[in-house]
Amino acid sequence: MRPVKPVRPVLVVIAHGSRDPRHAATVHALVRRVRSLRPGLRVETGFLDFNIPSVHGVLESLAAEGVQDVVALPLLLTRAFHAKSDIPAVLRDAPPRLRIRQADVLGPSPLLLSALERRLYEAGLSPADKSSTGVVLASAGSSDPEAIAVIAEIAREWRHTGWCAVRPAFASASLPRTEDAVRELRALGCARVAVAPYVLAPGFLPDRIARGAAGADVLAGVLGPAPEVARVLLERYDGARVAVPAALGA
């Protein structure tokens, strides 16, 4: 008899959700790319708010089908309130028959920097422009000091890859705002200024970033379904799949 292959855990991608229909459409496009990179892996999507299906609904459906193992992956770039509190709380309410591992958030990752550069080049820059271009790394923002520190560190690391300068900015909760960082880069003497939204999908805060980029020369698109982002999702899935389960929320 042939050995029975172990069943891979189902990947449940947990997105925030938004009233903006572009948000869910972008999340679904990213999930489709993940499926294309890993044929045979079952990937489901659940939303914390505004959109359906809900995370709870997805987990209930999987349990009803007889699924036992799940990797829950927060579609988040930093480890802030949603990753530390909201998502563990939802997972604790999951059907008890499910064995759930919560994967790490997506950032930081060198692949995400590659995705940011992809979006900047798609917006009109080229590698030859790096040394004369200042970049605003514009994130949604957070009141969590750990998340803010991570964004600042990503900006410092990205600067070392050849850009004229890189400055972090935040659409909410923290300062500076995108427009302030654009002005700072102008004052530094950068020949051009580009804004790179460090966000996954369109919505209210990405729109605020776009308005703050009015004084920049280049505004990149959101990360969305970039292939590098899809690869990060699979890296996080693989890491959680082989990890020893920990108490949710620990």
Side-chain angles (χ1 to χ4, degrees), residues 1-17 23-49 51-80 82-115 118 200-201 222-250:
M1 294 179 61
R2 293 181 179 178
V4 178
K5 292 183 179 180
V7 177
R8 286 183 290 186
V10 174
L11 170 57
V12 176
V13 175
I14 301 178
H16 183 275
H23 174 89
T26 302
V27 170
H28 291 311
L30 174 58
V31 169
R32 286 194 296 272
R33 187 177 288 276
V34 171
R35 292 185 181 122
S36 73
L37 292 177
R38 187 74 60 87
L41 173 62
R42 182 173 178 182
V43 187
E44 301 291 343
T45 307
F47 295 90
L48 290 173
D49 207 352
N51 302 103
I52 55 173
S54 67
V55 178
H56 182 73
V58 169
L59 296 175
E60 289 278 359
S61 295
L62 291 174
E65 290 179 29
V67 170
Q68 293 183 324
D69 291 293
V70 169
V71 169
L73 194 156
L75 198 60
L76 301 168
L77 294 172
T78 58
R79 182 171 160 75
H82 292 303
K84 294 177 179 178
S85 181
D86 282 358
I87 291 175
V90 171
L91 297 181
R92 283 194 295 269
D93 286 338
R97 69 167 294 149
L98 292 177
R99 293 189 292 262
I100 301 177
R101 291 174 170 85
Q102 182 177 333
D104 289 336
V105 298
L106 303 185
S109 167
L111 285 169
L112 294 178
L113 288 182
S114 297
R118 171 190 291 274
L200 288 165
V222 299
L223 294 171
E228 296 87 352
V229 179
R231 287 168 56 197
V232 176
L233 264 71
L234 290 172
E235 283 187 356
R236 298 294 183 257
Y237 168 80
D238 290 336
R241 183 166 60 91
V242 302
V244 176
L248 294 172

Drop me the distance from [X]'s [atom1] to [Y]'s [atom2], to the nearest 0.5 angstrom.
| X | Y | atom1 | atom2 | answer |
| --- | --- | --- | --- | --- |
| Leu41 | Leu234 | CG | CG | 7.0 Å |
| Leu233 | Leu11 | CG | CG | 6.5 Å |
| Ser54 | Glu60 | OG | CD | 8.5 Å |
| Thr45 | His28 | OG1 | NE2 | 6.0 Å |
| Leu73 | Glu44 | CG | CD | 14.0 Å |
| Leu91 | Arg101 | CG | CZ | 13.5 Å |

Side-chain heavy atoms of [X] within contact of [Y], under 4.5 Å:
| X | Y | value |
| --- | --- | --- |
| Leu111 | Val229 | no |
| Val222 | Leu200 | no |
| Ile100 | Leu59 | yes |
| Val71 | Val12 | no |
| Ile87 | Pro74 | yes |
| Lys84 | Arg79 | yes |

Are the charged groups of [X] and [Y] less than 4.0 angstrom apart, N to O?
| X | Y | answer |
| --- | --- | --- |
| Asp104 | Arg236 | no |
| Arg97 | Asp69 | no |
| Arg42 | Glu65 | yes |

For the residue pair [X] and [Y], what are the closest heavy atoms and their distance?
| X | Y | answer |
| --- | --- | --- |
| Leu106 | Leu77 | CB-CD2, 4.2 Å |
| Val55 | Gly46 | CG2-C, 3.7 Å |
| Val232 | Ser109 | CG2-OG, 3.7 Å |
| Ala226 | Ala115 | CB-CB, 4.1 Å |

Do side-chain atoms of [X] reach the backbone of [Y] as a donor and acceptor pair under 3.5 angstrom?
| X | Y | value |
| --- | --- | --- |
| Tyr237 | Ala72 | no |
| Gln102 | Ala83 | yes |
| Arg33 | Glu228 | no |
| His23 | Gly17 | yes |

**OP:** Take Asp238 and Arg8, measure what salt bridge (Lys or Arg N to Asp or Glu O under 4.0 Å) needs, and give me the verdict at the end.
**Re:** CA-CA 10 Å; Asp238 290 336; Arg8 286 183 290 186; over 6 Å; no
Subject >> Test side chain to side chain contact (heavy atoms under 4.5 Å, CB included) applied to Leu76 and Val105, Asp86, Ile14, the passing residue >> reply: Val105
